[in-house]
Amino acid sequence: MKKVVLLSVLTVFGLALFVGCISMQRWPDSERSAENKMVVIQEKIGEGLKTRALTPDQSQSFLTTLKGIRTDYTALRDRMVYREEWDSISARLDTLGSEVDRAMGPPARVEAPRSGDRIVVLQGRIDDGRISGRLPMPQGRELQARLDSIRSDYLRMTDGGRYATNEERTDISRRLDSLEIDLNRFR
């Protein structure tokens, strides 16, 4: 009798675990990853247009595709969804990034890291610090809020493929430098 009860309890527990894994959830890491990819792609398109590696028609086509993906991203953000929906957004962003890279051809010269790339790197460092425990929770939240603010301002500045002014780029770079210095304290 005890074996039957134990087996029943384990079966119910296993079923509950299985259902919990396949149910709808929020996916903050997928949200952040999609945001990072959109920033990098938009920056590549702007850079390609500025250096004339992309024609205005190509850049407009890529920006239209990115806008469609961003619309779908906005619809999924902060909602309970299945993982496959985020995987679809990520795959579309990867495909668009590859198309932009292919259209631009090989890079002509080595440049300093762009703001979008720096945002992605700093996001990874904040996530690593939180996971490893080197970054205390209150400081992690504060640094994440600062990075989210910088990312939001950067996306606003480059929205629709427009170029950020030199002053705007300098401000973003200065804020990223400050955030990086503060993050280095927790190494």
Side-chain angles (χ1 to χ4, degrees), residues 6 9-44 47 66 69-70 72-98 101 110-159 164 168-187:
L6 181 61
V9 169
L10 288 176
T11 303
V12 169
F13 179 72
L15 184 61
L17 182 64
F18 178 73
V19 169
C21 291
I22 62 168
S23 67
M24 295 193 321
Q25 301 177 25
R26 284 200 61 235
W27 301 94
D29 291 338
S30 296
E31 288 179 31
R32 224 175 271 127
S33 174
E35 281 179 2
N36 291 339
K37 287 179 182 181
M38 286 188 287
V39 166
V40 170
I41 290 170
Q42 187 162 348
E43 197 170 73
K44 284 181 186 177
E47 191 67 28
L66 183 61
I69 296 171
R70 185 168 289 162
D72 294 343
Y73 161 81
T74 304
L76 293 180
R77 192 177 60 201
D78 297 328
R79 287 190 34 226
M80 302 289 268
V81 295
Y82 293 107
R83 177 66 184 225
E84 291 78 27
E85 294 180 64
W86 280 114
D87 290 344
S88 170
I89 296 281
S90 182
R92 290 169 59 198
L93 285 168
D94 290 340
T95 302
L96 179 60
S98 297
D101 288 340
V110 176
E111 299 177 359
R114 297 182 298 228
S115 296
D117 295 333
R118 289 184 66 198
I119 289 170
V120 171
V121 169
L122 287 172
Q123 182 64 64
R125 288 187 54 202
I126 289 172
D127 291 342
D128 290 344
R130 284 176 155 176
I131 290 169
S132 69
R134 289 187 316 251
L135 188 59
M137 191 66 91
Q139 287 82 5
R141 279 194 300 267
E142 187 260 333
L143 292 172
Q144 184 65 55
R146 285 173 53 194
L147 183 61
D148 289 344
S149 172
I150 294 168
R151 180 186 295 120
S152 173
D153 290 347
Y154 180 75
L155 285 172
R156 182 186 44 77
M157 285 180 214
T158 58
D159 192 32
E168 290 172 330
R169 283 193 308 270
T170 302
D171 178 56
I172 291 292
S173 182
R174 180 189 51 77
R175 290 168 61 195
L176 288 170
D177 290 342
S178 173
L179 181 65
E180 188 169 13
I181 289 168
D182 290 346
L183 187 57
N184 285 340
R185 293 182 189 152
F186 298 100
R187 279 193 160 187

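Because only heavy atoms are used, hydrogens play no part in the values below, and waters and symmetry mates are left out as well, while side chains stay in.
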What are the two closest heavy atoms between [X] and [Y], and how far apart are they?
X: Ser115; Y: Tyr154; value: CB-CE1, 3.8 Å
X: Arg134; Y: Pro136; value: O-CD, 3.4 Å
X: Leu176; Y: Ile119; value: CD2-CG1, 3.9 Å
X: Ile41; Y: Leu96; value: CG2-CD2, 3.9 Å

Under the side chain to side chain donor-acceptor pair (under 3.5 Å) rule, collect the residues that match up with [X], sequence neighbours excluded.
X: Ser178; answer: Arg146
X: Arg151; answer: Glu35, Asn36, Gln123, Asp148
X: Ser152; answer: none
X: Ser90; answer: Lys37

With sequence neighbours excluded, residues passing side-chain contact (heavy atoms from CB on, under 4.5 Å) with [X]:
X: Asp153; result: Ser149, Arg156, Met157, Ile172, Arg175
X: Thr95; result: Glu99
X: Thr74; result: Arg70, Arg77

Sidechain-backbone polar pair: Ser132 side chain, Asp128 backbone, donor-acceptor under 3.5 Å
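Yes: the side chain of Ser132 pairs with the backbone of Asp128.
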Between Arg185 and Asp182, does a salt bridge (charged side-chain N to carboxylate O under 4.0 Å, His left out) hold up when you go through it step by step?
CA-CA 6 Å; Arg185 293 182 189 152; Asp182 290 346; 3.3 Å; yes
Within the 4.5 Å heavy-atom criterion, are Leu135 and Ile126 side-chain neighbours or not?
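They are in contact (side-chain heavy atoms under 4.5 Å apart), so the answer is yes.
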